[in-house]
Enquirer: 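Quick one: the structure is below, questions incoming.
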Amino acid sequence: MNKLKNYILLSLTLILTFSCQEEDKSFGDINAPTNLVIQAEIQGQDSSNPYGDGSGIVTFTAHANNAISYKFVFSDGTSQNAPNGTYKKRFTQTGINVYNVTVVASGKGGVATNGTISVEVRSDFTDDEAIDFLTGGASKNWYWSASEPGHLGVGPNSTDETQNYFGFWYQAAPWEKAASPDSSCLYDNVLTFTKDGDVLKYQLDNGGKTFFNTAFEGVVGGSAGSDMCYDYDASGVKIVSLSPSESVVTMNANAATQTRGTLMNFSDNGFMGYYIGQSTYEILSLTENRMVVRAIMGNDPALAWYHTFTTTQPVQNPVVDYTNLVWFDEFDVDGAPDPNKWGYDLGAGGWGNAEAQTYTNSATNSVVSGGNLVITAIKSGSDYNSARLKSENKFEFTYGKVEVRAKLPVGGGTWPAIWMLGANYDQAGFSWPACGEIDIMEHKGNVPNVIHGTLHYPGNSGGNANGNTTTITNASSEFHIYKTIWSPTSIQIFVDDVLFHSVPNSNSVPFNHDFFLILNVAMGGTFGGTIDPAFTQSSMEVDYVRVYQ
């Protein structure tokens, strides 16, 4: 241990000695730059136009003895490093305005000399409508239009009208950059434009993760060779100045259909979420809720990146809701179930699942009483009777939200179900499972409180069905809401508004045609299992059935 301590002390001594030796190194003569001269040339300035030609462009030149670099700091909050001391600036505040420009001339060792010049410049360019669209008059958030094809694209900067606007060479598919965790950060971007007096401000919130184009990943030391997310702080308020576009497309005779003719210039290396080393974007189209811009690449002026944004934040897997009540039964009239809404399946054996019950239309097995539909499974000798109600030929529908509030039977072997069957099940070529089946709720009395939600279709039926379970409390003593939201993009199954199973919908599965509703209590069989010998009877009580579209 003493040897280790001595080694550490010796190491520290060597480090300190080395540091002192480094400090003794000479930078040579360290002199602040002197004789700083700043000149400004206003474009188009003459005796008739003392403030310039209205472009707002001024070329600044700075020179000082012993200076090795220069930085121009402008009164609009922007700044620019210019090692050679020359920089062209476009001032965009409309009208004739005085601007103070500070030049920082830096010499060896970082010593600097400052100087200021004032220029009075005229700018005729204005796009107040663009500012209002961008900010909503105050402040507005924008998001990548990720669900839209071509929200990120690349194409030529040409006058060929067929090759412009949304990216001719490449268009990202919807949510393409969310396919990998290494690139999904792009869609987390929130771009905020704010109107602060006469100043347009911008801030990018990307959670500290920036999506880098491959060609620029070296900025953060990356070498993945593909577009991906890196830790990179893009926060901070930027100033946005608007100026007229001079791209070849803007000069096209059909420019009105190609571009707005306005450039957005972001201060301090600001950018619009996708890092491509650009801070200038041409607005192609802009409305209150949609914006298409492009950045013309300096290293290849024939190439441009295209970005599309929206003011509504897209959701990759949206929960589609339906709110228009189109069919319902509140079971508020005692007696037999409404024959205009419900029919019966009758007979023994259920649906080929070795079930023990016989289905009847007797009032002892199905009746409306006290505001509820009561479906009762009853033991009769060695047999069991129950009921299966269905809306077949009375109400069939495609897509919607189904809500059923129910209390489930109790007892080993009970198998209550709230489900839907494809209405074409009796047509040639569409017999089960080709017709499709959506089980909103199934429950095993032998496994209390575990709720099953399942889809059956070719390749996923019977024991291989596409399902999931959730556990609730008091399934047989309290009412719960069993729900499905069935849309062209997904089938989602809930209990008490908690999603526990979701399956994508597409043309490859049979869930895009009419289905009808079924309510039943089965006994035993391949799913219900062993029936408790002590079982006598138990009921599923249904408070309501509601369908929304």
Side-chain angles (χ1 to χ4, degrees), residues 319 321-333 337-338 340-345 365-377 386-392 394-410 414-423 437-445 449-456 467-470 472-487 491-502 511 514-522 538-549:
V319 176
D321 203 358
Y322 299 94
T323 58
N324 181 33
L325 185 63
V326 296
W327 188 89
F328 62 93
D329 198 337
E330 301 291 332
F331 305 113
D332 50 8
V333 179
D338 187 344
N340 295 313
K341 296 181 177 179
W342 301 104
Y344 296 88
D345 275 326
N365 297 119
S366 60
V367 66
V368 176
S369 176
N372 297 323
L373 169 66
V374 182
I375 300 176
T376 305
S386 188
R388 183 157 96 177
L389 281 68
K390 60 182 183 177
S391 68
E392 183 181 12
K394 300 176 186 292
F395 176 69
E396 299 172 352
F397 66 103
T398 303
Y399 311 136
K401 176 172 66 179
V402 179
E403 288 186 346
V404 180
R405 185 172 185 265
K407 183 168 60 175
L408 308 183
V410 64
T414 57
W415 175 7
I418 300 167
W419 53 298
M420 300 160 60
L421 187 67
E437 177 181 327
I438 303 173
D439 297 332
I440 303 170
M441 184 285 301
E442 290 182 288
H443 180 256
K444 299 180 181 183
N449 297 317
V450 176
I451 305 301
H452 296 252
T454 312
L455 272 65
H456 299 265
N468 201 358
T469 64
T470 187
I472 62 175
T473 57
N474 304 319
S476 298
S477 59
E478 296 179 0
F479 284 91
H480 295 268
I481 296 175
Y482 303 96
K483 178 174 75 174
T484 187
I485 297 179
W486 166 34
S487 77
I491 301 98
Q492 298 174 313
I493 303 176
F494 306 74
V495 177
D496 295 330
D497 289 323
V498 177
L499 175 68
F500 73 96
H501 190 45
S502 181
F511 300 109
D514 278 357
F515 276 61
F516 59 87
L517 295 162
I518 302 174
L519 308 172
N520 70 284
V521 178
S538 191
S539 303
M540 175 168 70
E541 300 178 46
V542 180
D543 181 26
Y544 58 74
V545 178
R546 298 170 183 168
V547 179
Y548 301 81
Q549 287 188 309

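A quick note: this is a predicted structure, and the numbers were derived from the prediction, not measured.
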Enquirer: How far does CZ of Phe479 sit from CG of Asn372, to the nearest 0.5 angstrom?
Expert: 4.0 Å
Enquirer: Please report the interatomic distance CG(Asp497) to NE2(His480), rounded to the nearest 0.5 Å.
Expert: 13.0 Å
Enquirer: Strictly distance-based, threshold 3.5 Å: is any side-chain N or O of His501 a donor or acceptor partner for the main-chain N or O of Thr469?
Expert: no
Enquirer: I'd like to check Met441 versus Leu408 (side-chain heavy atoms, cut-off strictly below 4.5 Å). Are they in contact?
Expert: yes
Enquirer: If the test is side-chain contact (heavy atoms from CB on, under 4.5 Å), which one of Ile440, Asn520, Ile438 qualifies with Trp419?
Expert: Asn520
Enquirer: Is the shortest side-chain heavy-atom distance between Ser366 and Tyr344 below 4.5 Å?
Expert: yes
Enquirer: Give, for atom NZ of Lys483 and atom CZ of Arg405, the distance between the pair rounded to the nearest 0.5 Å.
Expert: 14.5 Å
Enquirer: Tell me whether Trp486 contacts the main-chain N or O of Phe511 through its side chain, where contact means a donor paired with an acceptor under 3.5 Å.
Expert: yes
Enquirer: If you take all heavy atoms of Pro409 and Ser476, which pair is closest and at what distance?
Expert: O-OG, 2.9 Å
Enquirer: Do any N or O atoms from the side chain of Asp496 and from the backbone of Ile481 form a donor-acceptor pair under 3.5 angstrom?
Expert: yes
Enquirer: Side chains of Lys341 and Lys394, heavy atoms from C-beta outward: is any pair under 4.5 Å?
Expert: no
Enquirer: Is the positively charged end of Lys401 above the ring of Tyr322, judged by distance under 6.0 angstrom from the centroid and angle within 45° of the axis?
Expert: no
Enquirer: How are the rings of Trp327 and Phe395 set relative to one another: parallel (under 30°), tilted (30 to 60°) or perpendicular (over 60°)?
Expert: parallel
Enquirer: Which heavy atom in Gly400 sits nearest to a heavy atom in Gln549, and how many Å separate them?
Expert: CA-CG, 4.1 Å
Enquirer: Any side-chain heavy atom of Leu519 sitting closer than 4.5 Å to one from Leu373?
Expert: yes
Enquirer: Do His452 and Val450 come within less than 4.5 Å of each other through their side chains, counting heavy atoms only?
Expert: yes
Enquirer: Distance-only, no hydrogens or angles: does the Gln492 side chain make a donor-acceptor pair with backbone N or O of Ser487 under 3.5 Å?
Expert: no
Enquirer: Taking Glu442 for the side chain and Trp415 for the main chain, is one N or O donor matched with an acceptor at less than 3.5 Å?
Expert: no
Enquirer: Could you tell me whether a side-chain N or O of Ser391 sits under 3.5 Å from a main-chain N or O of Phe516, the two making a donor and an acceptor?
Expert: no
Enquirer: Hey, could you give me the CG/CG distance between Leu421 and Asp514, rounded to the nearest 0.5 Å?
Expert: 12.0 Å
Enquirer: Does one side chain, of Asp439 or His456, offer a donor that lies under 3.5 Å from an acceptor on the other?
Expert: yes
Enquirer: Is any side-chain heavy atom of Ile485 less than 4.5 Å from a side-chain heavy atom of Phe494?
Expert: yes
Enquirer: Distance from Trp342 atom CH2 to Lys390 atom NZ, nearest 0.5 Å?
Expert: 12.0 Å
Enquirer: With a 4.5 Å limit on heavy-atom distance, are the side chains of Phe331 and Val374 in contact?
Expert: no
Enquirer: Taking side chain as C-beta onward, heavy atoms only, is Tyr544 less than 4.5 Å from Val404?
Expert: no
Enquirer: With no hydrogens and no angle check, just 3.5 Å: does a side-chain donor-acceptor pair link Asn365 and Thr376?
Expert: no
Enquirer: Of the non-hydrogen atoms in His443 and Asn449, which two are nearest, and what is the gap between them?
Expert: NE2-N, 2.9 Å
Enquirer: Roughly how far, to the nearest 0.5 Å, is CG of Asn468 from CG of Leu499?
Expert: 9.5 Å
Enquirer: Looking at Asp338 and Asn340, would you say the former's side chain and the latter's main chain have a donor-acceptor pair under 3.5 Å?
Expert: yes
Enquirer: Taking Leu389 as the fixed residue, which of Asp329, Ile518, Leu517, Ile375 is the one that meets the side-chain contact (heavy atoms from CB on, under 4.5 Å) rule?
Expert: Ile375
Enquirer: Which atom pair, heavy atoms only, marks the closest approach of Glu330 to Arg546?
Expert: OE2-NE, 2.9 Å
